[in-house]
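In what follows, a structure is listed as structure tokens, so that the remarks can point back to it.
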Amino acid sequence: MVSEFLKDKLLNIYHRLYGRYGPQHWWPGDGAFEVIMGAILTQSASWANVEAALANLKARGLLDPAALRAIAQEELAHLIRPSVYFNVKARKVKAFVQHLGEQYDDDLEALLGKDAQPLRQELLSIFGIGEETADDILLYAANKPIFVIDAYTRRILDRLGLAPAQNGYSAYQLLLMEGLPHDVRLFNEYHALLDRHGVETCRKREPLCGECCLLDMCPAGARLSLQG
DNA sequence: ATCCTGAGTC
DNA sequence: GACTCTGGAT
């Protein structure tokens, strides 16, 4: 149960972040398949590295499920080398395109058209797709109103004193999804803004509290500011 | 709790 | 040289 006070606070945070950073254009018009590849490749990797890996695939016409099934896993690993953990990620990509071919004859829209919860369960059953990656796919490829939780989201909520009682993925997700209207555009932009804020201002070490648009509502920021 | 493991930043 | 990055599997 989320209070009206907290709901207002969550919307207030969104509006301040949007005012500070503007629209983030996350995964705009790249096509659902490329979004899914990006979601897998970006696990614990910086987006700049992922872009290099995706460019390698695109240059060889490999942003295509059948083509990815045809290529040797070792060769695929070499091409996605910039994205870190390339051997495991090559296996993850293979697992996804295998599933898509076997279960849907490569009809991605048929997969993404399923209801959110069954689709989420199905994605989680595929090797290499955990909760965050599944939710990335639900929100940014399938346009379902699901809030994506990641390390930035948790860190920012924690510092703001808004950490849920339990500290698992689903507790953070429940907090945000009960506290906000279920709007795809809002969830898309909000998550992207939290990441931008986490990278640029609310950094893991030495956060730049002096330039933070949320400083007046942040207990951690108040402490850090006093420390100078 | 450990493994995976490149590129950029400081 | 240490640290961080839009995690997940074992």
Side-chain angles (χ1 to χ4, degrees), chain A residues 13-14 17-18 21-57 73-99 120-144 146-159 167-173 176 184 186-208 211:
Chain A
I13 290 167
Y14 172 76
L17 292 173
Y18 191 89
Y21 302 108
Q24 297 303 298
H25 310 292
W26 264 39
W27 280 318
D30 292 324
F33 188 74
E34 181 168 344
V35 170
I36 293 168
M37 292 301 104
I40 293 172
L41 295 179
T42 198
Q43 294 169 1
S44 265
S46 64
W47 187 247
N49 284 26
V50 176
E51 283 186 306
L54 286 174
N56 287 343
L57 296 180
Q73 188 171 309
E74 295 72 26
E75 192 177 347
L76 174 58
H78 176 72
L79 291 171
I80 62 173
R81 193 180 181 124
S83 72
V84 195
Y85 310 140
F86 43 85
N87 284 314
V88 255
K89 283 178 179 175
R91 193 180 151 204
K92 292 175 179 182
V93 167
K94 282 285 190 182
F96 179 78
V97 295
Q98 194 68 29
H99 183 87
R120 189 174 198 270
Q121 287 312 119
E122 183 172 339
L123 291 169
L124 288 173
S125 75
I126 301 171
F127 175 83
I129 300 184
E131 291 191 283
E132 183 181 335
T133 306
D135 289 337
D136 274 335
I137 295 171
L138 284 168
L139 178 61
Y140 292 102
N143 296 308
K144 312 287 187 188
I146 295 284
F147 206 102
V148 179
I149 305 302
D150 65 356
Y152 293 125
T153 309
R154 294 187 195 222
R155 181 165 78 227
I156 293 170
L157 290 180
D158 291 353
R159 284 178 176 165
N167 107 311
Y169 186 99
S170 57
Y172 284 84
Q173 187 171 51
L176 287 160
V184 176
L186 174 66
F187 286 177
N188 178 321
E189 199 65 51
Y190 205 154
H191 179 253
L193 285 165
L194 286 170
D195 278 32
R196 174 78 180 272
H197 191 59
V199 170
E200 208 163 291
T201 308
C202 197
R203 307 185 301 196
K204 189 169 186 180
R205 283 186 318 147
E206 303 179 48
L208 304 178
E211 3 183 303

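Convention: sequence-line order gives letters A, B, ...; per-chain numbering from 1. Below, each value reflects all heavy atoms present in this structure, side chains not excepted, and no hydrogens, waters or symmetry copies. What you are looking at is a predicted structure, and each value in this text was computed from that prediction instead of being measured.
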Point to revise | Length of the line joining A:Arg196:CZ and C:dC5:C1', which is rounded to integer Å | key: 16 Å
Check your understanding: Where each residue is assigned the nucleotide of DNA chain C containing its nearest heavy atom, which of A:Ala48 and A:Gly128 is assigned the position nearer the 5′ end?
Key -> A:Ala48
Check your understanding: Quick one: A:Arg81 CZ to C:dC5 C1', roughly how many Å, whole number?
Key -> 18 Å
Check your understanding: Quick one: A:Leu208 CG to B:dC10 P, roughly how many Å, whole number?
Key -> 11 Å
Check your understanding: Taking C-beta and beyond as the side chain, do A:Glu51 and A:Leu54 meet within less than 4.5 Å on heavy atoms?
Key -> no
Review point. Between A:Arg154 (side chain) and A:Asn167 (backbone), is there a donor-acceptor pair under 3.5 Å?
Key: yes
Exercise for review: Please measure how far the P atom in B:dT2 lies from the corresponding atom in C:dC3, and state the result in whole Å.
Suggested key: 16 Å
Study note, to complete from the structure: Taking every heavy atom of A:Glu189 against every heavy atom of A:Gly22, the minimum-distance pair comes out as OE2-O, 4.0 Å
Practice item. Identify whether any heavy atom of A:Val199 sits under 4.0 Å from a base atom; if not, whether one sits that close to sugar-phosphate; answer base, sugar-phosphate or nothing. Key: sugar-phosphate
Review point. What are the residues of residues 82-90 of chain A, sorted by number, that bring a heavy atom to within less than 4.0 Å of DNA chain B?
Key: A:Pro82, A:Val84, A:Tyr85, A:Phe86, A:Asn87
Point to revise | Minimum-distance nucleotide to A:Phe127 side chain [options: B:dG6, C:dT10, C:dG8] | key: C:dT10
Show the distances under 3.5 angstrom between N or O atoms of the protein and N or O atoms of nucleotides 1-3 of chain C.
from, atom 1, to, atom 2, distance (Å)
C:dC3, O3', A:Arg205, NE, 3.4

Study note, to complete from the structure: Atom CH2 of A:Trp47 and atom C1' of C:dC5 are separated, to the nearest Å, by 13 Å
Review point. Rounded to the nearest Å, what distance is computed from the CZ atom of residue A:Arg91 to the C1' atom of nucleotide B:dC4?
Key: 12 Å
Review point. What nucleotide, of C:dC5, C:dT10, B:dA7, holds the atom closest to the side chain of A:Asn49?
Key: B:dA7
Exercise for review: Using whole Å, report how far CG of A:Leu54 lies from C1' of B:dG6.
Suggested key: 15 Å
Check your understanding: Side chains of A:Gln173 and A:Asp135: is there a donor and an acceptor less than 3.5 Å apart?
Key -> yes
Check your understanding: For the pair made of CD in A:Glu132 and C1' in C:dC5, what is the distance, rounded to whole Å?
Key -> 12 Å
Exercise for review: Could you work out the separation of B:dA7 and C:dG8 based on their P atoms and round it to a whole Å?
Suggested key: 23 Å
Review point. Can you name the ring pair (Phe, Tyr, Trp, His ring centres under 6.0 Å) partners of A:Phe96, sequence neighbours left out?
Key: none
Check your understanding: Do A:Thr133 and A:Ile40 have side-chain heavy atoms sitting under 4.5 Å apart?
Key -> yes
Check your understanding: Heavy-atom distance under 4.5 Å between the side chains of A:Tyr18 and A:Leu193, does that happen here?
Key -> yes
Point to revise | Distance-only donor-acceptor check, side chains A:Asp158 and A:Tyr172, under 3.5 Å | key: yes
Practice item. Find which nucleotide of DNA chain C each of A:Gly198 and A:Tyr169 is nearest to by heavy atoms, and output the residue with the more 5' nucleotide. Key: A:Gly198
Point to revise | Pairwise side-chain contact, A:Trp47 with A:Thr42, heavy-atom cut-off 4.5 Å (strictly under) | key: yes
Review point. With a non-hydrogen cut-off below 4.0 angstrom, is A:Ser44 in contact with a base, only sugar-phosphate, or nothing?
Key: base
Practice item. Please examine the side chains of A:Leu176 and A:Leu157, heavy atoms only from C-beta on, and report whether any two atoms are closer than 4.5 Å. Key: yes
Check your understanding: What is the distance, rounded to the nearest whole Å, between atom CD of A:Glu206 and atom P of C:dT4?
Key -> 10 Å
